[in-house]
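What follows is a single structure, written as structure tokens, with notes after it.
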Amino acid sequence: MIMKYQNLIAAVLFAALLPLPEKLPGQTSAAGTDEAVWTFNPASPNEPCPASSGCATWLAFRQSHPWPYQAIALEESNGEAVIILSEPPPVLTRTQYRQLLMALFASGLVDLTYCRWPTGIDGYLEDIVVRVRDNDASKMRFVSSEDLETKEGPRGIIDRLRLLYRLEYGTSDGFSLESVDSSPQNQAPIGELKIPVTDLVGWVASDTGQWRAIGNESLPPTTMSQLYTAKSPGAFVDNAGIVVLVVPKNSRLADVRAPFRRFAVASDLIIGARGSKNGSMLLFARSRSVPLSVLPPLRFESFAGFARNRAGNIAQSYERRRIFAGKIQTGKYAGWDWAPILLSPQLDDTEFGTLLNFADQILKSWSQHAEVEYYAFLYSSPRAYPFGDQAASEYFQTKFNTTSLLFNWNTDEFSTINRIGTEDYLTATRTGALRILYRPGDSLDFTANDESGSSDARTDADQKAQEAQDYFASLGNPILVRVVQNVLLYQAEQNFLTIADPQDQKRQARSDLVEVVLEQQATKWLTAAKQHKIMGSENAVLVDLVNRQLQESGMTPSELASFIASPQKVVIAFERMRELALKSARESIALDQQAEETSRLGKEAFTSACASVGGTLTKNQAGLHCEHRAASTGQQSFREADLLHAQMDEEEAAAENAAELAKQNELASQELARKYVKASAIAKTVTEFSGAADLDLVLAQVLQAGAGTAGSGFIRTPSVVLSKNVLDKEAIGGHNIDLIPRRTVTEISHSTTDAENHVGAPAKSRGVGNRTTSGPLIDVKMARPAEQALGKPRLGSLLEEMRVRASETPASFAEISARAKICNCDAIVSQKSDGTILFVRNAPPPIERVIFGKSGMIDALAAPPFMKIIEFENFDRNSVESLARTQSLLNSKSGLRASDDAFASIGKIFTDDGITDNGAAEILIAREDGEPESLFIIGGYDDRVSLKENFSWHGAQTNEASASKWSEMFGADTERDETLHARLIVRFGQAVNRQGVLGIAADGDVGFVSRLKLVVNQWLGRQPAQPMPISDSILDLRAAILTKLKPNHLQFYLKRNGGTIRAAQVDLPTGTKGPHT
Amino acid sequence: MKGPSIALQSCALLFGTPVSREEFDRACRRVPRSDYIAHVVGDNPEEAWHRNYATVAETAQELITTARNLGAVICREATLSDFSYVTAHAKVVILLAHFRGFDFSEEDFLSPVNSVVAAIEARSHPVLAYFDPVPRDLSLLVDAFNVAVMGRKLLSYLPSALDIAGRNSISVGRVLCRDLLDEALAGITKPGNQVDLFDGLHSLGAMEAALWRGFRGELDLALCNSAALATYIDLHRNNTVRHLHWPDLIDPIPQFALIGETLRRLSGRGGSYINTRLIVEEEMLHLNWSSNDNRRHP
């Protein structure tokens, strides 16, 4: 159907280059944009929508999805449809979207409106709402975002939306539509995953080779090792329900776009990432279980934004302690408290930035028993709150008599990067919510909290924070889950991704602009106060007080203004330093412990070495000493001890460094705290005093400063938050997100089974002289089954599984059927790379059938009519043998004659009855240009060598082989066959990528070997330059030798990849062709 | 056919059925009883023990002694996580357990007979149309279900590829028919076709999921009708797992003895477990050693 619109694509692209067309009738322009925009007013929710638009439909949609939500929704009735493009990806501007939609729907387009859903006082989520008329009654199927089932919709609209989708995402894979009335709020909570590194590494280590390319299912499955070395980005899925995005080093973002979309649609929760030594990044996620309408796909614009804006950490908070922040007395927002929002610049006008605002409010509001209300942030409340009927601040006040509370979402011990060998694995503790910090205190002077010595309060707060994290995670809230997803995505990119695209230029955060306004206002105001000038409605007594404190501090108004314009920045800086100090301290302790362990091992090794050289062990101030008379070679015994000693020194030095770093960060944080304490005393007065200033005016200036920074996308993050707090408590906090998680060096243990206790403990192993480990050993075999860990239980009936297989794309039999026609066999059983088994029987009656699993081969082949010659393609000989012998056994047990079916007959080959005296099994070589011939493969079949491989004879060299040379090449046991004393070795020209050798051994009189060489060389001279199947070549060469030299015994030895198989000629009785593998 | 010899330390035996008097008593005391115990013991554990289970346990003990002496890992009262663990750590895994099969018993109906009849007559699933008229008596209903399953009468309700697969294999055909009825009467019947371990019944999907993803060894599915589990594993693992399976009921006593002999030979000569096991089976067949009477199928 896409083909139908090829001309339309061209029209669309052309249209995008045209000047802005006339506006549609009935629309007005909004400030800051040339497009008509309608904004929902939460203060007046019943305000009517523009009558001509699909606004009412949009309102219903947005009320169900009041948070960042990117989708295409459709409502259709009576030949008209309303289409909602919620927060469309910023691949096109508003104008281009308009042009595109006009080109797509042409005269069918009735109305186009830009609708904004407010997030705070000046933030919004913007959608394009389109009404279209559709006269085409035909229907087509599409995937529903709600349940991933297919539904029917108007063909003309669906086709056009699919095209739009392709332009938006670079692929039409994952195209789905949502119904307007879907309500994710009625859906089950998003179940939480906890995937430790053991699971992830275990799944990766057990490389099943079953990764299928999403969007290109015709490609053969690939292995994890191949994914590591992939040259281009791609998205893959395996049978267990893991999806992986592969981004090789220096990929261009443009090339990642479509694979990322496939990954994002096919998955729901990121479970980890791997950074490989070759610079590639692998992002792992669970295959989608949560409907798209509950947890929409991650956005490529987020991925690209993170990649182009590297940072060590990001933050978001409500800056209640900035000057002029406080209650508005008059005007439109009278009664609300306002505060500037601090947001890292790369998060301005992004989904992630908006999500952080929502999550911050959820933490504060719900911890406070919903007694904090935020302006124009609409989301439903939970049934219960983390502190029960109490607010968190009441809880801590009652218990510890505290009057303030700091709330914080953070990443402390949330995620870890484990270095395992040369690879790094990022995993998180959970997917439901970030870590929480509660810090109750007597004031928001965090240093006072810190030094109050109230360890009970801190311990209790930590306990409550853990409980609260469990509570929030258990909600399965899409906002909190999405925050975690974005954090993991950003961390993975920050640490593992290398792209070819340049970094974005550093930009000023909107909150910095606000800070500038506040600083200017504060300077102005403080200067006036210093000069005893009265501005606005300030009280003269307070002006005197401020003036006196200003003088006492020795600060200029601008110095103080700089501080009080954003005191929370100091808090964040302080917390950051403390975190770094704690991180270093933890590392130091871990390294110390490691050094102790190394020292213990070193002593053991030294003691053991001393004993081994017959020495006497003594202890002195320097440590252990060994007196011995061993020669210098004896020193070798002490090598392990020496290495351990050196390693211990390294560890001790690293521990000291970490301790020093911790100390420096601690000192720096204390210095900052001291400054803060001084300044905050003044700031408190000044800020309280500033409440008397004209806050309406300040707020207007702040909003104006931010207004000029609107991006071209469809999301704007607010610069200011308005809230009402029923409780008279000071409360601050936000997000403190470290993008460089704690790193741990870890080893993989090699656990063993324990004969007595069936659950064996992992055996601890460590390499001498290696960099020490500081993380627990990982036993990859302790990884849980992926389905279990990923919460994807299967009903798991055979019926269910076979139905899935039967419903998959019908296998292509054409190629095999063509081969079967010329194979001179009764049937071909061919295994494809994805394990599908195709069975083609020639006659009578001819059939083509998919066999369900190799176990099903017994049944399929045992069914009448009896087949004598069956060619197996791509099967491991052992599997066929086991199945055949099993069937033979079963037939015998049930009284059937062993030759009653083909499998039983095949089984005879492998049993005593069927094996020839020399233990050979028969291999059928089917040649396109002749009758199939057979060879006996003598001895064990070697998987490293394949008779199906192509070899080039061009440039092959023939040499007579002495007994020793022959033995060296093919093994001593082959040399003992004294009857075959004429031996030639043919070295091939280059095979596919490595050389191989063919040995020819025959019996004959003196001089036979020379004649053999001559025949072989003549034969070589006739061979084409291109590689030929070795099976054909051997048969051909054998025929040439038999014709000219007539030896009684002739054997061929093929050596490749270190493996050898040995084939002997066989004369079959006339008219018989035995069964074959 | 000689392959590289395996160390028996890499061989693990999982017993999903009791192998001693203590385990037998413990299993009998468990509420609810496992499918196997309910099937084997009936109302009189003491009598059941003396009638036949003592011999089963005795043979199992001989196998355990043999296997332990040869260095194999023994896992008694095995659970699903044990299966997961041993497949991650051993190269040869022998699963000796009970398979709750496809045949129906009266205990399989969770609702009163009237409700079952009403559910069938509601024809909410096409396959239920097969039962016309619907027997009103529970025992007759069980008979009708068993006729439909054992006679593979319901295969025509399946896609043609499954129909053919079910017709080609008695075992798979019956499994599919039972699955189909369980699907049609979900919540009304207890599902069949599950592996019974000490932590309960596990679907084929659960068993396959518990099998370590990286398992590349040999798996002896020494349980009744294991063709279904083998097929499930094949389909999900794309035929990469090498296993030995049986399409019919198996008797534990000869199984234990044959496995013991297999392990002894393996210890002495090395090679592939499956090949060795098949050789032993083939030799036993020549001796006409196996007994068909007094079967206690696991």
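Order of the sequence lines sets the chain letters (A, B, ...), proteins ahead of strands, with each chain counted from 1.
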Regarding [X] and [Y], is there a side-chain donor-to-acceptor distance under 3.5 Å anywhere?
X      : Y      : answer
B:S272 : B:E218 : yes
B:S81  : B:T79  : yes
B:D234 : B:H243 : yes
B:T189 : B:D108 : no

Original post:
How far does OH of B:Y273 sit from CG of B:L219, to the nearest 0.5 angstrom?
Top reply: 10.0 Å

Original post:
Does any heavy atom of chain B fall under 4.5 Å from the side chain of A:I851, the backbone, both, or neither of them?
Top reply: neither

[X], part contacting chain A, at a heavy-atom distance under 4.5 Å:
X      : value
B:N239 : both
B:A161 : both
B:I164 : side chain
B:L229 : neither
B:E183 : side chain
B:I274 : side chain
B:L211 : neither

Subject >> A:V829 side chain reached by A:I837 side chain, heavy atoms, under 4.5 Å >> reply: yes

**OP:** Find out whether A:E848 and A:F839 are in side-chain contact, i.e. whether some heavy atom of one side chain is under 4.5 Å from a heavy atom of the other.
**Re:** no

**OP:** Find the one option among B:L176, B:T231, B:L14, B:D179 whose heavy-atom pairs under 4.5 Å with chain A are most numerous.
**Re:** B:D179

